[in-house]
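Step one of this worksheet: look at the structure below.
This chain uses plain numbering: 1 for the first residue, then up along the sequence.
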Amino acid sequence: MRQRVRTESQSPAPEQAAYVGVDLPMTLAAELRPRALGVGTAVTSTSYTQQEVLDAFQITDPKIRSVFLNSAIDRRHLTLPPPDGKGGRVPEPQGDLLDKHKAKAIEMGAEALRACLKRAGAELAELRHLCCVTSTGLLTPGLSALLIKELGIDRHCSRSDIVGMGCNAGLNALGVVAGWAAAHPGELAVVLCAEACSAAYAIDSTMRTAVVNSLFGDGASAIALRSGPDGVADPEGPRILKFASRIIPDASDAMRYDWDREQGRYSFYLDPRIPYVVGAHAEPVVDRLLADTGLRRSDISHWLVHSGGKKVIDAVVVNLGLTRYDVRHTVGVLRDYGNVSSGSFLFSYERLLDEGVAKPGEYGVLMTMGPGSTIETALVQW
């Protein structure tokens with residue numbers, strides 16, 4: 001059961017009412033709430049415009065071309081199947097796709113992790129917990145073990161893997177690791193999202209496949225956490241204050257990654273109605289996040305929303321009463337990378353930090369959404 005940290009005040013201040021999604025002692029000091037120390041991102045080496053993807057797959061159907069060209073995406077990093085010698089691409093069996101998932105997740109994951117630690121001013125030797133998030137393939141041992149071996153991380157580093165939760169999973173992982181960091185003050189933890197979305201591509205002429213193939217891109221992102229007193233005078237990242245979730249069981253089939261018996265491979269499905277489902281449920285989960293904090297939506301200075309697609313972003317903006325400026329980084333990440341699944345919100349977070357506009361005391365809301373159907377949120381404060 002979640003225990004909230006309160007004082008005797010009848011109207012607790014936002015900092016006093018904060019909690020994370022694990023059991024926390026009632027006496028938890030404010031400085032022991034985890035702070036984000038650094039962020040890093042990485043992508044695969046080859047990028048394509050939407051027109052180049054259409055050409056690569058020889059897509060001529062006007063309806064499918066319209067899906068690609070009206071996606072608000074300019075470029076995506078992809079690892080496409082090899083040419084077939086006839087101007088098309090060779091369909092890849094599931095085994096080859098799993099190999100792609102493993103190779104690209106390790107490659108991008110290692111780069112994002114190093115970039116994150118560099119920004120945090122930390123070394124690999126300091127890492128004490130590594131949580132890896134993936135949705136585009138199953139690995140046993142998990143990505144965390146493979147990266148510990150690949151990078152020579154201390155073998156006493158604890159680890160966890162969150163697999164198959166989809167685009168919302170980055171915040172699920174952040175909640176788990178925030179709890180770990182609170183229980184281990186002074187020790188460094190990292191959440192790493194590595195999504196080789198090219199390993200989920202199918203080649204056929206269906207609209208179902210077109211929607212997926214037009215949207216996702218390869219990408220990895222990492223965020224470092226540590227609880228305890230600030231080690232620098234002006235820390236860059238915010239404290240993690242509180243989480244709130246909302247699952248929509250009636251829409252459990254609206255986003256799914258399941259076995260396609262006809263093609264003998266996994267295939268991702270997105271219901272065309274999902275933007276409206278997400279939009280309809282965005283307001284109640286944010287209200288729950290801000291409950292008992294004394295904050296209103298107008299008090300939130302920074303909104304970092306998952307780049308789930310143009311219609312998803314528009315639905316969230318309308319239902320929460322946000323401005324286009326509020327979601328400028330969300331829109332920019334979609335334009336430049338497409339939907340990079342679980343780590344998309346960290347790409348936006350990196351852009352916010354690069355702007356240097358967040359001021360001490362300001363609040364931010366992180367929001368992701370994905371299969372379940374699920375919306376995850378977090379409240380942070382600089």
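- Taking 4.5 Å as the limit, some side-chain heavy atom of Leu97 sits within range of a side-chain heavy atom of Gln94.
- Between the side chain of His77 and the main chain of Thr44, a donor-acceptor pair closer than 3.5 Å is present.
- Connection of Leu78 to Ile59 is established within a shared hydrophobic cluster, with ILVMFWY side chains joined at heavy-atom distances below 4.5 Å, either directly or through further cluster members.
- Taken from OG in Ser307 to CG in Leu334, the straight-line distance is 5.5 Å, to the nearest 0.5 Å.
- Taking 4.5 Å as the limit, some side-chain heavy atom of Leu290 sits within range of a side-chain heavy atom of Leu379.
- Under a hydrophobic-cluster definition in which Ile, Leu, Val, Met, Phe, Trp and Tyr are linked whenever side-chain heavy atoms come within less than 4.5 Å, directly or via other members, Val278 and Leu215 are assigned to the same cluster.
- Under the 3.5 Å distance criterion, with hydrogens and angles disregarded, no donor-acceptor pair is assigned to the side chains of Arg89 and Gln58.
- Judged purely by distance below 3.5 Å, without hydrogens or angles, the side chains of Ser71 and Gln50 pair a donor atom with an acceptor atom.
- Side-chain atoms of Ser198 come within 3.5 Å of backbone N or O of Thr79 as a donor-acceptor pair.
- Within the 4.5 Å cutoff, no side-chain heavy atoms of Leu366 are placed close to those of Thr377.
- Between Lys63 and Asp61 there is no salt bridge, since none of the side-chain N atoms of the basic residue sits less than 4.0 Å from a carboxylate O of the acidic one.
- Side-chain atoms of Arg128 come within 3.5 Å of backbone N or O of Ala125 as a donor-acceptor pair.
- A donor-acceptor contact shorter than 3.5 Å is absent between the side chain of Arg239 and the backbone of Val380.
- For Gly137 against Thr134, the heavy-atom pair with the smallest separation is O-OG1, 4.0 Å.
- Ion pair Glu355/Arg328 flagged as a salt bridge, since at least one NZ, NE, NH1 or NH2 atom sits closer than 4.0 Å to an Asp/Glu carboxylate oxygen.
- Under a 4.0 Å N-O distance rule, the pair Asp326/Arg324 does not qualify as a salt bridge.
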For this session: List the steps, then state whether side-chain hydrogen bond (donor to acceptor under 3.5 Å, both in side chains) holds for Thr374 with Asn168.
Result: CA-CA 7 Å; Thr374 306; Asn168 53 269; 4.5 Å; no
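- Comment: Arg246 does not engage Asp287 in a salt bridge, judged by the lack of any side-chain N to carboxylate O separation of less than 4.0 angstrom.
- Minimum heavy-atom separation, Phe68 to Ala210: CE1-O, 3.9 Å.
- Judged purely by distance below 3.5 Å, without hydrogens or angles, the side chains of Thr136 and His101 pair a donor atom with an acceptor atom.
- At least one donor-acceptor pair under 3.5 Å links the side chain of Glu195 to the backbone N or O of Ser135.
- We find the OG-CG distance between Ser373 and Asp253 to be 8.5 Å, quoted to the nearest 0.5 Å.
- Atom OH of Tyr266 has 12 or fewer heavy atoms from other residues, nucleotides or ligands within 6.0 Å.
- In this structure, Asp299 contributes its side chain and Arg296 its backbone to a donor-acceptor pair below 3.5 Å.
- For the atom pair CE of Met255 and CG of Asp271, the computed distance is 9.0 Å after rounding to the nearest 0.5 Å.
- Between Asp354 and Arg119 there is a salt bridge, since at least one side-chain N of the basic residue sits less than 4.0 Å from a carboxylate O of the acidic one.
- Between Val133 and Met165, every side-chain heavy-atom pair lies at or beyond the 4.5 Å cut-off.
- Rounded to the nearest 0.5 angstrom, Leu304 CG and Leu346 CG are separated by 9.0 Å.
- In this model, a donor atom of one side chain and an acceptor atom of the other lie less than 3.5 Å apart for Asp204 and Thr209.
- Contact between Leu188 and Ala122 at its shortest, heavy atoms only, is CD2-CB, 3.8 Å.
- Taken together through direct or relayed side-chain contacts under 4.5 Å among Ile, Leu, Val, Met, Phe, Trp and Tyr, Phe345 and Val177 form part of one hydrophobic cluster.
- Grouping the Ile, Leu, Val, Met, Phe, Trp and Tyr side chains by contacts below 4.5 angstrom, directly or via other members, places Met367 with Leu289.
- Between the side chain of Asp74 and the backbone N or O of Arg335, no donor-acceptor pair lies under 3.5 Å.
- When side chains are defined from C-beta on, Ser344 counts as touching Asn339, because their heavy atoms get closer than 4.5 Å.
- Residues Arg226 and His184 have side chains not in contact (no heavy-atom distance under 4.5 Å, counting atoms from C-beta outward).
- Between Leu113 and Leu124, the closest side-chain pair of non-hydrogen atoms falls below 4.5 Å.
- Glu376 and Asn172 are linked by a side-chain donor-acceptor pair at a separation below 3.5 angstrom, with hydrogens and angles left out of the test.
- Under a 3.5 Å cut-off, the side chain of Thr140 and the backbone N or O of Gly142 do not form any donor-acceptor pair.
- Taking all atoms of both residues into account, the shortest heavy-atom contact from Ala112 to Ala42 is N-CB, 3.8 Å.
- Checked against the 6.0 Å centroid threshold, Tyr201 and Phe216 do not count as a close aromatic pair.
- Ion pair Lys359/Glu362 not flagged as a salt bridge, since none of the NZ, NE, NH1 or NH2 atoms sits closer than 4.0 Å to an Asp/Glu carboxylate oxygen.
- We find that Arg208 and Asp258 are joined by a salt bridge, their nearest charged nitrogen and carboxylate oxygen being less than 4.0 Å apart.
- Between His302 and Trp382, the gap from one ring centroid to the other is short of 6.0 Å.
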Exercise. Given the rule in the side-chain contact (heavy atoms from CB on, under 4.5 Å) test, do Ser342 and Cys167 qualify, once you have shown the distances and angles that lead to the verdict?
Worked result: CA-CA 4 Å; Ser342 63; Cys167 295; 5.8 Å; no
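- The minimum heavy-atom distance between Pro34 and Ala182, with the atom names listed, is CG-N, 4.0 Å.
- Under the 3.5 Å distance criterion, the side-chain polar atoms of Asn319 are matched with a main-chain donor or acceptor of Ala315.
- Between Ile223 and Val190, every side-chain heavy-atom pair lies at or beyond the 4.5 Å cut-off.
- Taking CG of Asn213 as the reference point, atom CZ of Phe268 lies at 12.0 Å (rounded to 0.5 Å).
- The cationic group of Arg273 does not satisfy the cation-pi geometry with Tyr276, failing either the under 6.0 Å distance to the six-membered ring centre or the 45° limit from the ring axis.
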For this session: Kindly determine whether Arg155 and Ile148 satisfy side-chain contact (heavy atoms from CB on, under 4.5 Å), including the steps that lead there.
Result: CA-CA 7 Å; Arg155 64 183 63 193; Ile148 288 172; 5.5 Å; no
For this session: Just do the side-chain hydrogen bond (donor to acceptor under 3.5 Å, both in side chains) check on Asp161 and Ser144 with the steps written out, would you?
Result: CA-CA 7 Å; Asp161 288 87; Ser144 63; 2.5 Å; yes
For this session: Could you please spell out the steps behind the side-chain contact (heavy atoms from CB on, under 4.5 Å) verdict for Phe57 and Leu80?
Result: CA-CA 10 Å; Phe57 288 105; Leu80 297 181; 3.9 Å; yes
For this session: Would you check, one step at a time, whether the test side-chain contact (heavy atoms from CB on, under 4.5 Å) holds for Ile248 with Val277?
Result: CA-CA 9 Å; Ile248 313 159; Val277 172; 3.8 Å; yes
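- For the pair Glu52 and Arg75, the salt-bridge criterion is met [side-chain N within less than 4.0 Å of a carboxylate O].
- There is a path of hydrophobic side-chain contacts, each under 4.5 Å, that joins Ile375 to Val317.
- Between the side chains of His129 and Ser158, at least one donor-acceptor pair of N or O atoms lies under 3.5 Å.
- Scanning all heavy atoms of the two residues, the minimum distance from Val67 to Val211 falls at CG1-CA, 4.2 Å.
- Residue Thr41 is tested with Glu350, Glu111, Arg351 for a side chain to side chain donor-acceptor pair (under 3.5 Å); the sole match is Glu350.
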